[in-house]
Amino acid sequence: MLTTKLCGIRLENPAILASGILGVTASSLINAANNGAGAVTTKSISLEERKGHNNPVIVTFEAGMINAVGLSSPGIENGIEEVKEFKRRSKTPIIASIFASKTLDFGEAAKRISESKPDLIEVNISCPNVEAEFGKPFAADAKVAASVAEIVKNNTKTPVFVKLSPNVSNIKEIAKAVEEAGADGITAVNTAGPGMVIDIKAAKPILHNKMGGVSGNALRPIAVRCVYDIYETVKIPIIGTGGIMNGRDAIEMLMAGATAVGMGSAVYYRGIDVFKKVCSEIEEFMKENGYSNLKEITGRAHK
Amino acid sequence: MKLEQPIVLPIKKIVNEVSKIKTFIFDHKLDSKPGQFINLWIPGFDEKPFSISYQDDKRFAVTVACIGPFTDKICGLKEGDLVGIRGPYGNPFNLKGKNIVLVGGGCGCGPLAFLADEALKNKINVNFVIGARTKDALLFLERMKKSNIKTFVTTDDGSFGVKGFATDLLKDFLEKNHIAAVYSCGPEKMMKKVAEMCKDKKIYCELSLERYMKCGFGICGQCCMDDSGFRVCTDGPIIKGEEALNMKEFGNYRRDASGKKVKL
């Protein structure tokens with residue numbers, strides 16, 4: 001009842017572990033898969049090793065989370081090893097997330113990570129937390145986003161999803177551009193903002209990076225609107241990500257146009273077995289409302 | 001609603017324990033259990049996890065060895081300076097039986113001293129084996145003496161107590177004294193030895209793991225152990241000895257801030 005397909009890859013269910021959560025090691029990703037994730041996504045991997053920002057890198061606020069991990073990465077060799085290790089030990093599909101600071105490096109990262117045979121590659125062009133080093137995110141300009149999609153496609157045979165930012169004035173334009181450049185799917189969306197939380201006693205921003213991306217409940221209505229917009233514009237599948245906590249939220253995202261949903265912050269609010277919980281809640285809703293498969297739900301809000 | 005944000009507090013008191021080890025006391029009711037930790041934030045600098053080394057109804061303390069850039073920064077702070085704390089995080093030690101041994105190495109004596117206080121309240125007989133490289137690094141001898149907790153000391157160089165390792169003394173305890181459980185915190189190679197000795201003698205054992213942490217509440221994935229994906233921050237830091245011995249990572253390597261493996 002819950003099975004779905006992304007570019008020919010079969011998922012037992014649509015609840016995907018989003019990038020950046022629990023995704024540092026193969027063992028941790030397997031833990032998420034064993035707790036019911038239909039697919040898992042690695043934390044974004046770069047060619048070079050990076051330490052990321054000092055702590056604190058993640059805190060919560062009343063309506064969600066704010067993070068600026070700063071794209072820490074063990075480097076491509078270690079990343080390849082972790083993906084291979086996952087493939088040895090689990091049958092759950094794995095999405096390898098990659099990022100780079102230069103367009104050419106996206107191609108090289110895609111080429112290298114393909115050696116580890118991930119089921120999908122997700123291209124992170126939308127991290128909002130490293131502006132000092134990376135300039136404006138690649139996701140802010142349709143032409144730049146398309147050029148990244150194109151170079152990644154030219155360097156791998158693995159299906160490519162491009163992860164978009166909600167922090168743009170016209171997400172339809174960006175989605176169209178990456179589709180035309182050959183992307184096989186879109187992940188929407190990365191965190192919003194950046195935002196800031198200040199401790200008033202210390203009189204200092206709490207995150208070491210001062211600002212960070214907003215996720216969780218505060219992001220959800222924005223993410224749903226983005227997915228709705230993108231679904232109207234492109235034919236390629238969408239992984240809808242942003243503030244999904246329960247089955248109801250997942251159904252909402254599917255109705256906006258997603259084929260599968262990514263979950264991250266929810267692991268904090270409901271535990272690592274949130275994937276199992278959300279799946280049983282989706283199934284319950286489907287039974288109560290006469291749906292027999294997810295295809296009947298995807299994009300339903302457009303009809 | 002609980003928020004994962006620091007509570008900013010002034011440092012009430014700083015105690016110089018021994019060379020390069022200081023205890024920072026805060027006037028704040030923490031409600032933690034022995035083995036749990038807090039994330040200590042120096043505003044605008046960095047934040048790291050520390051075990052709680054003392055707690056009563058009004059106060060708590062952390063004990064810090066000044067051995068790196070962050071701990072050096074902490075040790076440069078003065079009474080009245082403001083720091084942030086998040087937590088308490090993680091799972092505590094579980095007391096079992098009426099006769100126990102604590103095995104502490106260096107700063108690992110912090111959470112064990114708190115555990116010793118708790119055990120005493122529960123009328124449990126505590127044998128505290130304190131190991132250190134030299135006499136200068138021995139922690140909490142006076143504090144444990146005041147509480148009437150039996151302490152046994154080893155130093156690597158023999159400058160105080162028995163010359164040798166804490167695990168040498170543990171061997172005697174496990175053979176002679178009907179020990180119900182062993183609790184250990186300190187260098188991982190030492191804890192591995194402790195876990196193996198307890199496994200041989202079929203004695204219940206718990207350890208306190210240490211890994212690089214970012215969030216502290218179970219989602220960043222930085223502190224996960226191979227092969228199970230055990231999250232040290234939320235599934236630990238306290239773990240049963242036998243469970244730790246089943247992890248290929250335990251006693252062998254850890255991961256740094258980038259996620260890369262580093263040999264222990």
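Residue numbers start from 1 in every chain, and the chains themselves are labelled A, B, ... in the order their sequence lines are given, proteins ahead of strands.
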Review point. At a heavy-atom separation under 4.5 Å, does A:Glu77 approach chain B through its side chain, its backbone, both, or neither?
Key: neither
Check your understanding: Can you tell which of B:Ser228, B:Cys215, B:Gly216 has the highest number of heavy-atom pairs within less than 4.5 Å of chain A?
Key -> B:Ser228
Point to revise | Taking every non-hydrogen atom, the tightest pair across B:Ser258 and A:Arg50 | key: CB-O, 3.1 Å
Point to revise | Contacting region of B:Leu82 [heavy-atom separation from chain A under 4.5 Å] | key: side chain
Point to revise | Under 3.5 Å donor-acceptor, A:Asn55 side chain and B:Met213 backbone | key: yes
Exercise for review: Side chain from CB out, backbone as N, CA, C, O: work out which of these in B:Phe70 comes under 4.5 Å of a heavy atom of chain A, or both, or neither.
Suggested key: neither
**Study point:** Donor-acceptor contact below 3.5 Å, side chain A:Asn54 vs main chain B:Phe45
**Key:** yes
Exercise for review: Any chance you could measure B:Ile219, atom CD1, to A:Tyr269, atom OH, to the nearest 0.5 Å?
Suggested key: 8.5 Å
Exercise for review: Please say whether more than 12 non-hydrogen atoms of neighbouring residues, nucleotides or ligands are located less than 6.0 Å from NZ in B:Lys2.
Suggested key: yes
Practice item. Check whether any side-chain N or O of A:Arg89 sits under 3.5 Å from a backbone N or O of B:Asp227 as a donor-acceptor pair, and report yes or no. Key: yes
Exercise for review: Keeping the roles fixed (side chain from B:Gln5, backbone from A:Thr60), state whether a donor-acceptor pair exists under 3.5 Å.
Suggested key: yes
Check your understanding: Is A:Glu82 paired with B:Arg255 through a side-chain N to carboxylate O contact shorter than 4.0 Å?
Key -> yes
**Study point:** Neighbour count >12 (heavy atoms, 6.0 Å) for atom NZ, A:Lys111
**Key:** no
Point to revise | Other residues, nucleotides, ligands: >12 heavy atoms within 6.0 Å of B:Glu79 CD | key: yes
Practice item. Mark yes when over 12 heavy atoms from residues, nucleotides or ligands other than B:Lys12 sit less than 6.0 Å from its NZ; otherwise mark no. Key: no
**Study point:** Heavy-atom side-chain contact between B:Trp41 and A:Ile206 under 4.5 Å
**Key:** yes
Practice item. Heavy atoms only: give me the nearest B:Lys260-A:Pro74 pair and the separation to one decimal. Key: N-CB, 3.8 Å
Revision key, fill the gap. For A:Val267 and B:Gly218, the nearest pair of non-hydrogen atoms, with its separation, is CG1-O, 4.1 Å
Practice item. Decide yes or no for B:Phe230 and A:Asn31: does some side-chain heavy atom of the first lie under 4.5 Å from some side-chain heavy atom of the second? Key: no
Check your understanding: Do you know which of B:Gly84, B:Cys223, B:Gly221, B:Gly259 has the most heavy-atom pairs under 4.5 Å to chain A?
Key -> B:Gly221
**Study point:** Distance-minimising heavy-atom pair for A:Ser27 and B:Met225
**Key:** CB-O, 3.8 Å
Practice item. Using a cut-off of under 4.5 Å on heavy-atom pairs, state which of A:Asn34, A:Ile30, A:Asp199, A:Leu29 scores highest against chain B. Key: A:Asp199
Exercise for review: Using a cut-off of under 4.5 Å on heavy-atom pairs, state which of A:Ala26, A:Ser73, A:Ser28 scores highest against chain B.
Suggested key: A:Ser73
Practice item. Please check if atom NZ in A:Lys210 has more than 12 non-hydrogen atoms from other residues, nucleotides or ligands closer than 6.0 Å. Key: no
Check your understanding: Where the side chain of A:Lys201 meets the backbone of B:Val8, is there a donor-acceptor pair that is under 3.5 Å apart?
Key -> yes
Review point. Which value, rounded to the nearest 0.5 Å, describes the distance between A:His208 atom NE2 and B:Asp46 atom CG?
Key: 6.0 Å
Exercise for review: I would like to know whether A:Thr25 and B:Gln222 meet side-chain contact (heavy atoms from CB on, under 4.5 Å); could you show each step before the answer?
Suggested key: CA-CA 8 Å; A:Thr25 70; B:Gln222 204 73 26; over 6 Å; no
Review point. Heavy-atom count around B:Gln55 CD within 6.0 Å, excluding the residue itself: above 12?
Key: yes
Exercise for review: Kindly check if the number of other-residue, nucleotide or ligand heavy atoms within 6.0 Å of NZ (B:Lys248) is above 12?
Suggested key: yes
**Study point:** Which portion of B:Lys48 sits near chain A, non-hydrogen atoms under 4.5 angstrom
**Key:** neither
Point to revise | Whether over 12 other heavy atoms sit under 6.0 Å from B:Lys261 NZ | key: yes
Exercise for review: Tell me, for B:Asn39 versus chain A, whether the close heavy atoms (under 4.5 Å) come from the side chain, the backbone, both or neither.
Suggested key: neither
Exercise for review: I would like to know whether B:Glu4 and A:Phe61 meet side-chain contact (heavy atoms from CB on, under 4.5 Å); could you show each step before the answer?
Suggested key: CA-CA 7 Å; B:Glu4 310 300 340; A:Phe61 65 105; over 6 Å; no
Point to revise | Nearest-0.5 Å distance, SG of residue B:Cys220 to CG of residue A:Leu22 | key: 8.0 Å
Check your understanding: Side-chain donor-acceptor pair under 3.5 Å between B:Lys214 and A:Ser72, yes or no?
Key -> yes
Review point. Do B:Asp256 and A:Glu49 come close enough that some side-chain heavy atom pair is under 4.5 Å?
Key: yes
